[in-house]
A.B. asks: 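Before I ask anything, here is the structure I am working with.
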Amino acid sequence: MLQSQLFIPTLKEVPNDAVVTSHVYMLRGGYIRALGAGIYSFLPLGYKVVKKICEIIREEMDAIGGQEFHLPALNPREIWEETGRVEAFGDTMFHVKNRDYVLAPTHEEIITYHARKVVNSYKELPQIWYQIQTKFRNEPRPRSGVIRGRQFLMKDSYSMDTSYETLDKSYLLHDEAYRKIFGRCGLKFFVVGASSGAMGGTGSEEFMVQSPAGEDTVAHCEPCGYAANVEVAISVIPSVRREPVSKDLYDISTPNVKSIDELCQFLNINERQTAKSRVYFANESPVLVLMSGNDEVNETKLEKAIGSGIRPAHPEELKDISGADAGSIGPIGFKGKIIADLRLKGGNNLISGANKNDFHTGGIDLERDVKNLEFADLRTVEAGESCPNCSKPLQVFTAIELGHIFKLGTKYSDSMGANYIDETGGEHPIVMGSYGIGVERVMACFIEQSHDEKGMIWSKALAPYHIHLLGLNLKKEHLLEASTQIYNQLKNAGFSVLFDDRIDAQAGVKFNDADLLGMPVQIIAGERKLAENKVEVKVRKTGERFDVEIISLNSFISGLLEKL
RNA sequence: CGGGGUGUGGCUCAGCCCGGUAGAGCGCCUGGUUCGGGACCAGGAGGCCGGAGGUUCGAAUCCUCUCACCCCGACCA
């Protein structure tokens with residue numbers, strides 16, 4: 001392709017709206033342009049990458065027996081009423097104003113609708129139906145460029161089985177296909193077991209990649225593969241020390257000491273000798289949550305332990321409940337439920353708030369002094385703590401969800417009446433699974449993982465073109481001729497090549513654009529090398545450069561691409 | 001939805017506090033010089049300053065309302 005004929009509006013400066021790397025480079029490289037918050041147009045280069053990702057997905061889905069559908073984005077609302085998801089999605093679902101339609105945020109209902117009309121017998125199962133299409137969600141806050149948009153491309157597939165045993169097979173097929181897809185795309189990913197949330201069902205896994213643009217915080221152990229959202233992640237840590245003798249309770253005057261750090265500094269003690277208090281409300285009654293030192297309360301775990309929704313107490317409520325303000329609250333004398341983190345189990349000689357301002361209580365022995373104290377895992381895992389599986393240190397970082405696979409079970413087939421007849425004539429709901437991949441996220445995540453200060457660095461699998469041929473100084477006719485000849489030579493040999501044939505762009509401009517656009521191999525045809533019948537070949541990723549005879553260029557490039 | 005920020009030529013931004021003929025750099029067009037890491041010289045085009053209303057002799061600038069976009073949070077299949 002001649003670059004002079006391709007629409008690639010590159011930007012030298014960082015557009016004001018872009019913050020995350022992938023967004024910046026996609027914009028600067030002329031891959032995408034914004035149309036509104038969370039709405040993007042894909043320009044020719046960007047769309048080429050999207051199509052490559054789709055093709056990889058298609059191949060792997062077809063390989064497990066998937067059949068591609070093309071489904072409407074415009075859906076009659078009443079179909080969504082059948083499963084109650086109009087209400088479930090709420091404001092996230094787009095509603096059409098002048099007709100009773102919604103814009104599909106996903107397609108379980110539509111698949112199930114067709115299945116109930118078409119699938120009758122166990123003989124017709126299992127099935128895997130998939131689609132790669134635009135979905136619409138009225139995100140309250142689109143962000144990070146293409147990573148969270150109001151309209152986005154998603155591969156969604158749906159499995160239909162006669163039993164949970166065969167569902168497991170379909171699920172496993174997808175699990176394997178997903179590993180292949182993300183592997184082929186060149187992504188470094190990991191898998192998190194997750195609760196299936198509002199999708200319903202019995203099991204699910206998230207495919208994730210580490211990224212500062214991520215929206216989820218996860219704990220990950222690379223050696224053994226343990227990975228969990230930090231909301232539920234666990235780690236192995238030492239409990240607080242129990243000293244041989246429990247002191248009596250005593251008050252300590254601690255004027256203006258509010259935080260654990262201040263307390264430790266004031267008394268010159270270790271944070272493990274302290275118990276931090278946090279007050280929450282559960283069902284309108286106060287609950288004191290005791291944590292060791294500065295450990296963070298994990299509200300997800302707390303809700304689970306208490307068994308109901310919680311909210312933090314407002315600062316102005318604290319004094320009524322405990323007699324003190326935040327910073328001086330503690331378990332001794334606290335009227336109401338108290339729950340402590342497991343790390344504090346057995347702890348004695350602890351220091352905590354005295355429930356009167358500017359005082360702390362020392363010598364607390366939780367077993368002795370706090371009756372009916374419950375313990376639960378309430379803390380948030382921190383980096384460096386030991387993996388619960390293999391004891392190696394855990395990493396904690398943010399990550400982006402690329403794909404999610406669910407065992408749906410019969411949630412949709414039940415509510416929509418999608419049944420099949422078994423061997424004995426009995427009627428049963430179809431057992432379903434659903435499996436999504438965010439296509440643009442694959443692109444964005446790849447860039448997040450593969451870039452440098454100059455621009456993107458594509459892998460062979462996703463690159464819009466494998467080779468970027470830069471003709472330099474093309475105002476000189478003999479140089480234009482020579483580099484055009486090289487272009488034709490490569491093109492005729494079947495290489496995927498973008499030829500920067502712009503007549504008046506300077507060398508520096510071409511170099512910088514090429515690094516920004518990120519094709520894996522650059523071929524630089526400059527005057528000096530051409531005079532020796534040579535060109536320079538540069539590997540984008542490593543910066544390695546080779547002088548190559550034009551006659552042997554084809555085989556050299558083949559060999560090089562083989563290795564990339 | 002709460003908090004913060006920003007809207008001025010295609011892009012990045014200055015000007016706003018303290019009202020008085022709308023600016024710079026990059027990009028674009030013309031001519032010339034350069035020609036392997038975003039070059040230089042000369043000339044040129046392009047903006048009713050997000051929108052509406054108000055105050056004023058006069059508003060990019062002050063006031064009110066509104067819209068859009070970005071960031072943090074809430075939410076998130």
Side-chain angles (χ1 to χ4, degrees), chain A residues 9-20 23-24 27-28 30 33-40 80 83 85 88-93 104-109 135-145 147-150 152 154-156 158 194-201 204 206 213-216 229 231 299 311-312 400-406 408 411-412 434-438 441 453-455 470-476 479-480 483 500 502-516 522-531 535-536 538 543 545 547:
Chain A
T10 58
L11 262 21
K12 199 154 99 178
E13 286 172 280
V14 178
N16 183 248
D17 288 348
V19 176
V20 304
H23 190 198
V24 169
L27 245 19
R28 282 194 52 209
R33 279 292 120 99
L35 191 61
I39 313 174
Y40 290 91
W80 288 82
T83 56
R85 286 175 103 200
F89 271 107
D91 198 43
T92 303
M93 183 177 254
T106 172
H107 280 85
E108 279 82 8
E109 276 76 358
K135 315 256 169 167
F136 299 86
R137 292 185 194 180
N138 186 20
E139 293 294 344
R141 177 146 103 84
R143 71 187 93 175
S144 305
I147 288 171
R148 188 167 210 84
R150 293 217 166 104
F152 54 95
M154 187 158 164
K155 188 288 301 186
D156 236 345
Y158 305 92
S195 66
S196 25
M199 294 292 285
S204 80
E206 293 175 350
E215 300 182 326
D216 298 306
N229 194 300
E231 286 177 1
E299 298 188 353
R311 66 162 178 89
I400 299 172
E401 178 187 344
L402 277 184
H404 206 155
I405 60 179
F406 294 95
L408 292 176
K411 177 178 160 137
Y412 297 93
S434 99
Y435 317 87
I437 293 178
R441 281 189 178 185
E453 67 288 345
K454 299 288 255 176
L470 311 184
L472 303 187
N473 208 358
L474 298 186
K475 278 178 188 159
K476 292 188 181 168
L479 295 178
L480 176 60
S483 47
D500 191 344
R502 291 175 295 174
I503 299 292
D504 45 14
Q506 278 198 269
V509 172
K510 294 191 176 194
F511 290 140
N512 282 305
D513 270 355
D515 286 344
L516 174 63
Q522 294 173 13
I523 299 177
I524 299 147
E527 186 160 23
R528 231 162 293 152
K529 296 280 160 54
L530 284 174
V535 288
E536 184 174 308
K538 175 182 157 187
R545 292 163 190 270
D547 285 351

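A note on names: the letters A, B, ... follow the listed sequences, proteins ahead of strands, and every chain is numbered from 1. Just so we're clear, the structure is a prediction, and the values are computed from it rather than from any experiment.
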A.B. asks: Counting N and O atoms only, with roles assigned by atom type, does the side chain of A/R441 sit under 3.5 Å from a partner on the main chain of A/E401, one being a donor and the other an acceptor?
C.D. replies: yes
A.B. asks: Reckon A/N512 touches a base, only the sugar-phosphate, or nothing at all at heavy-atom distances under 4.0 Å?
C.D. replies: base
A.B. asks: Which one, B/C70, B/G36, B/G38, comes nearest to the side chain of A/A37?
C.D. replies: B/C70
A.B. asks: Expressed in whole Å, how much space separates the C1' atoms belonging to B/U8 and B/C49?
C.D. replies: 4 Å
A.B. asks: Between A/G36 and A/T10, which residue's closest nucleotide on RNA chain B lies nearer the 5′ terminus?
C.D. replies: A/T10
A.B. asks: Take atom CE of A/M93 and atom P of B/C76, then tell me their distance rounded to the nearest Å.
C.D. replies: 16 Å
A.B. asks: For A/F152, which contact category applies under a 4.0 Å heavy-atom criterion: base, sugar-phosphate, or nothing?
C.D. replies: base
A.B. asks: If you look at every strand shown and take non-hydrogen atoms under 4.0 Å, does A/S144 touch a base, only sugar-phosphate, or nothing?
C.D. replies: sugar-phosphate
A.B. asks: Would you measure the distance from the C1' atom in B/C16 across to the matching atom in B/A22 and give it in whole Å?
C.D. replies: 13 Å
A.B. asks: At less than 3.5 Å, do the side-chain atoms of A/D513 and the base atoms of B/G38 form a donor-acceptor pair?
C.D. replies: yes
A.B. asks: Take atom P in B/C17 and the same atom in B/U61, then report the distance between them in whole Å.
C.D. replies: 9 Å
A.B. asks: Which value, rounded to the nearest 0.5 Å, describes the distance between A/E536 atom CD and A/L530 atom CG?
C.D. replies: 11.0 Å
A.B. asks: For the pair made of NE2 in A/H23 and P in B/C69, what is the distance, rounded to whole Å?
C.D. replies: 12 Å
A.B. asks: Distance check needed: B/U34 C1' versus A/N473 CG, whole Å only.
C.D. replies: 10 Å
A.B. asks: So what's B/G46 paired with, Watson-Crick or G-U wobble, going by both distances under 3.5 Å?
C.D. replies: none
A.B. asks: Which heavy atom in A/L470 sits nearest to a heavy atom in A/K510, and how many Å separate them?
C.D. replies: CD1-O, 4.0 Å
A.B. asks: Identify the pairs formed between an N or O of the protein and an N or O of nucleotides 29-33 of chain B at a distance under 3.5 Å, and give each distance.
C.D. replies:
none

A.B. asks: Which residue lies toward the 5' end of RNA chain B, A/A18 or A/G508, if each is placed at its nearest nucleotide?
C.D. replies: A/G508
A.B. asks: Would you list the protein and nucleotides 2-11 of chain B atom pairs, both N or O, that sit under 3.5 Å from each other?
C.D. replies:
unit_1 : atom_1 : unit_2 : atom_2 : d
B/C11  : O2     : A/E13  : OE1    : 3.4

A.B. asks: Main chain of A/G403, side chain of A/K155: is a donor-acceptor contact present, judged purely on distance under 3.5 Å?
C.D. replies: no
A.B. asks: Can you check whether A/R502's main-chain N or O pairs, donor with acceptor, with A/D500's side chain at less than 3.5 Å?
C.D. replies: yes
A.B. asks: Can you tell me, in whole Å, how much space there is between the C1' of B/C63 and that of B/C76?
C.D. replies: 39 Å
A.B. asks: Using the side-chain heavy atoms of A/D515, tell me which of these nucleotides is nearest: B/G37, B/C70, B/G38.
C.D. replies: B/G37
A.B. asks: Between B/A74 and B/G3, how far apart are the C1' atoms? Round to whole Å, please.
C.D. replies: 11 Å
A.B. asks: B/C69 P sits how many Å from A/R33 CZ, rounded?
C.D. replies: 17 Å
A.B. asks: When you compare B/G5 with B/G50, how far apart are their C1' atoms, in angstrom units rounded to a whole number?
C.D. replies: 16 Å
A.B. asks: Could you give the distance separating B/U12 and B/U56 at their P atoms, to the nearest angstrom?
C.D. replies: 37 Å
A.B. asks: Does the A/R33 side chain pair with the main chain of A/L27, one donor and one acceptor, at a distance under 3.5 Å?
C.D. replies: yes
A.B. asks: Can you check whether A/Q506 has a side-chain N or O nearer than 4.0 Å to OP1 or OP2 of B/C35?
C.D. replies: no
A.B. asks: From A/L408 CG over to A/Y435 OH, what is the distance, rounded to the nearest 0.5 angstrom?
C.D. replies: 7.5 Å
A.B. asks: Are A/E108 and A/R85 ion-paired here, with the side-chain N under 4.0 Å from a carboxylate O?
C.D. replies: yes
A.B. asks: Could you measure between the two C1' atoms, the one in B/A60 and the one in B/A52, and give it in whole Å?
C.D. replies: 16 Å
A.B. asks: Do A/R545 side-chain atoms and A/K538 backbone N/O form a donor-acceptor pair below 3.5 Å?
C.D. replies: no
A.B. asks: Is A/R545 side chain donor-acceptor paired with the B/G37 base, going by distance under 3.5 Å alone?
C.D. replies: yes
A.B. asks: Determine whether a donor-acceptor pair (N or O, by modelled atom type, separation under 3.5 Å) exists between the side chain of A/N138 and the backbone of A/D91.
C.D. replies: yes
A.B. asks: From B/C70, B/G37, B/C76, pick the nucleotide closest to the side chain of A/V19?
C.D. replies: B/C70
A.B. asks: For A/E536, which contact category applies under a 4.0 Å heavy-atom criterion: base, sugar-phosphate, or nothing?
C.D. replies: base
A.B. asks: Could you state the atom-to-atom distance from CZ of A/R150 to C1' of B/C75 in whole Å?
C.D. replies: 13 Å
A.B. asks: Measuring from A/T83:OG1 to A/F89:CZ, what's the distance to the nearest 0.5 Å?
C.D. replies: 8.5 Å
A.B. asks: Kindly compute the distance separating CG (A/D17) from NE2 (A/H23), expressed to the nearest 0.5 Å.
C.D. replies: 7.0 Å
A.B. asks: Rounded to whole angstrom units, what separation is found between the CZ atom of A/R143 and the C1' atom of B/C1?
C.D. replies: 14 Å
A.B. asks: Round to the nearest Å and state the distance from A/F406 atom CZ to B/C76 atom C1'.
C.D. replies: 12 Å
A.B. asks: Mind calculating the distance between CG (A/L470) and P (B/G38) to the nearest angstrom?
C.D. replies: 15 Å
